[in-house]
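To keep things clear, I will list the structure first and then write my remarks on it.
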Amino acid sequence: MKVTVTKFLNVRVGEPRVNAPNYQYLAPGSILEIDGNVYEGDTYEGNNKWYKDEAGNYYWSGGIDHDQNIAPEIDKTNPFSSYEGNGQSIGIAIFDSGVNNQHVYLKNRIKYYENFIAGSDLTKVHIHGHKVAGVIASDDPNANRNKSDLYCFRISSEYNLVDDDALLKGMNVLNQTDTLFKSIDIVNMSLNIGDSSYYLPKIQVLVNSLLEKGIVTVISAGNNFESLEIAELNNVIKVGAFTQDSLSKILENEFINPYDFSFLNSSISCYPMNGINLTAKFKDVSAYTAFMSAILTR
């Protein structure tokens, strides 16, 4: 991330401290490349926030143009408002526990729905997949959700237990069906797998095949920086969620975030199975994987 220096700024080597080694300074107007993260260090003029470049040098944030390096505030009551577009004409495959495909605000968004759980009742689904779908897209005029096309692959039981064989079968169907993979841009997998030593290599082959077709896979990698088995996949976008307490402990230990995107874990409003108001709550990494997919469509 490029930012502009506004004051004569010391280049501190090794740590964000006012007495750290300093071998040069940057003049106002200099362009500086930083990693985009904020680090806590020594307080100077009431400000203890510092930035870092890829070489490990630190810069006091008070000497940098804040308009260029601070992300826009997100309205927590309407988080999608910070992102452009509405995801129209973008296809998202949801591998999950199913959905109420008669829901008034979802039924017109659902372009495909197949049940890969052998012998199960299509109408008896766990609300998890329904919440995922409702975070990503909706026809609700009062909710700022996407107008994306949803392709629902039910691969979890009514108790939200992932059937790994059903997952493989569904992914194979997606890979081999022209009318499906040509309509889909993103795969959302808010789930984990069981026997990773057996299933992970097979899923990896399918993920790679999807990527060759131009389809990006977004997965739930873990809560509080503790990785799920599926996080071992490559060529995917890995999403994590964390609590404030866990983040503080991570920062104290200078932990490196293993995921591509991580979100502070607060609830996202979504639809109950049969209601039309956003009265249900959804949190943890499953919710934020769906949120990441929704952002990508925009």
Side-chain angles (χ1 to χ4, degrees), residues 87 90-99 110-117 128-129 132-133 135-137 146 148-157 160-223 225-241 257-263 284-298:
I90 301 297
I92 302 185
I94 299 174
F95 286 83
D96 217 289
S97 65
V99 62
I110 298 172
K111 307 303 179 183
Y112 167 90
Y113 187 10
E114 187 167 352
N115 180 18
F116 290 91
I117 302 296
H128 187 276
V132 167
V135 166
I136 294 173
N146 290 337
S148 305
D149 296 329
L150 302 178
Y151 295 77
C152 299
F153 297 71
R154 184 187 173 192
I155 49 81
S156 296
S157 72
N160 199 31
L161 299 175
V162 175
D163 183 324
D164 295 312
D165 290 316
L167 174 60
L168 285 176
K169 185 176 180 180
M171 292 184 72
N172 270 306
V173 167
L174 171 55
N175 264 286
Q176 296 169 10
T177 308
D178 283 10
T179 54
L180 284 176
F181 69 70
K182 288 181 179 178
S183 302
I184 291 171
D185 304 279
I186 297 169
V187 170
N188 186 95
M189 297 173 64
S190 294
L191 51 82
N192 195 22
I193 56 176
D195 183 359
S196 60
S197 62
Y198 176 79
Y199 288 101
L200 199 69
K202 298 177 183 296
I203 295 173
Q204 185 68 71
V205 169
L206 294 167
V207 164
N208 293 345
S209 178
L210 289 172
L211 190 59
E212 290 174 359
K213 295 177 172 71
I215 301 171
V216 177
T217 301
V218 185
I219 68 166
S220 293
N223 286 306
F225 305 104
E226 295 181 0
S227 293
L228 300 172
E229 284 77 11
I230 200 169
E232 296 177 33
L233 283 175
N234 298 311
N235 296 329
V236 296
I237 293 176
K238 300 180 183 182
V239 180
N257 181 4
Y259 313 137
D260 298 299
F261 296 92
S262 293
F263 296 88
D284 295 328
V285 69
S286 288
Y288 283 94
T289 303
F291 183 54
M292 189 70 243
S293 293
I295 291 173
L296 288 174
T297 69
R298 296 187 170 217

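One is the number of the first residue; the rest follow in order along the sequence. Not measured: the values here are computed from a predicted model.
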Asn115 and Arg154 have their tightest heavy-atom pair at OD1-CD, 3.3 Å

Does any part of the side chain of Tyr151, heavy atoms only, come nearer than 4.5 Å to the side chain of Leu180, both counted from C-beta? yes

Does Leu200 reach the side chain of Glu229, with side-chain heavy atoms less than 4.5 Å apart? no

For Asn234, the side-chain hydrogen bond (donor to acceptor under 3.5 Å, both in side chains) test, sequence neighbours excluded, returns none

Heavy atoms of Ser293 and Asn188 approach each other most closely as OG-OD1, 2.7 Å

If we ignore hydrogens and angles and just use 3.5 Å, is the side chain of Thr297 paired with the main-chain N or O of Ile90 as donor and acceptor? no

Less than 4.5 Å apart, side chain to side chain, heavy atoms only: is that true for Ile193 and Leu167? yes

Using the test side-chain hydrogen bond (donor to acceptor under 3.5 Å, both in side chains), find all partners of Asp165 that sit at least two apart in sequence or belong to another chain. Tyr199

Looking at Ser97 and Ser157, what are the two nearest heavy atoms and their distance? CB-O, 4.1 Å

Going through the distances and angles, do Ile219 and Leu191 end up as a side-chain contact (heavy atoms from CB on, under 4.5 Å)? CA-CA 7 Å; Ile219 68 166; Leu191 51 82; over 6 Å; no

Sidechain-backbone polar pair: Asp185 side chain, Ile215 backbone, donor-acceptor under 3.5 Å: no

Do Ser227 and Tyr259 have a side chain donor and acceptor closer than 3.5 Å? yes

Quick check: are there more than 12 heavy atoms from other residues, nucleotides or ligands sitting under 6.0 Å from NZ of Lys111? yes

So which atom in Ile94 and which in Val132 form the shortest heavy-atom distance, rounded to 0.1 Å? CG2-CG1, 3.8 Å

Would the distance check show the side chain of Asp149 and the main-chain N or O of Gly91 forming a donor-acceptor pair, the cut-off being under 3.5 Å? no

Would a 4.5 Å heavy-atom cut-off, applied to side chains only, mark Met171 and Val173 as touching? no

If the condition is ring pair (Phe, Tyr, Trp, His ring centres under 6.0 Å), which residues does Phe95 pass it with, not counting sequence neighbours? Phe153

Would you indicate whether the side-chain heavy atoms of Ile237 and Leu296 approach each other to under 4.5 Å? yes

Exercise: identify the closest heavy-atom pair between Asn235 and Val207: O-CG1, 3.8 Å

With sequence neighbours left out, what residues match Lys213 under side-chain hydrogen bond (donor to acceptor under 3.5 Å, both in side chains)? Asn175, Ser209

CG of Leu206 to CG of Leu211, rounded to nearest 0.5 Å, is 12.5 Å

Determine the interplanar angle of the Phe261 and Phe263 rings, folded into 0 to 90°, and report it as parallel if under 30°, tilted if 30 to 60°, perpendicular if over 60°. parallel

Has Asp260 got a side-chain atom pairing as donor or acceptor with Lys238's backbone, closer than 3.5 angstrom? yes

Not counting sequence neighbours, which residues clear ring pair (Phe, Tyr, Trp, His ring centres under 6.0 Å) with Phe181? List them please. none

Those residues that, when tested against Ser156, pass side-chain hydrogen bond (donor to acceptor under 3.5 Å, both in side chains) (two or more places apart): none

Calculate, to the nearest 0.5 Å, the distance between atoms NZ and CG belonging to Lys169 and Leu174 respectively. 14.5 Å

CA sep, side-chain torsions, deciding dist, call: Val218, Val236, side-chain contact (heavy atoms from CB on, under 4.5 Å): CA-CA 6 Å; Val218 185; Val236 296; over 6 Å; no

For residues Ile230 and Ser220, report the shortest heavy-atom separation together with the two atoms involved. CG2-O, 3.2 Å

Please determine whether side-chain hydrogen bond (donor to acceptor under 3.5 Å, both in side chains) holds for the pair Ser286 and Ser190, giving the CA-CA distance in whole Å, both sets of side-chain angles, and the decisive distance to 0.1 Å. CA-CA 5 Å; Ser286 288; Ser190 294; 4.7 Å; no

To the nearest 0.5 Å, what is the distance between CD1 (Ile203) and CE (Met189)? 5.5 Å

Between Asn208 and Gln204, a side-chain donor and acceptor under 3.5 Å: yes

Atom CG of Leu150 and atom OH of Tyr112: how far apart are they, to the nearest 0.5 Å? 13.5 Å

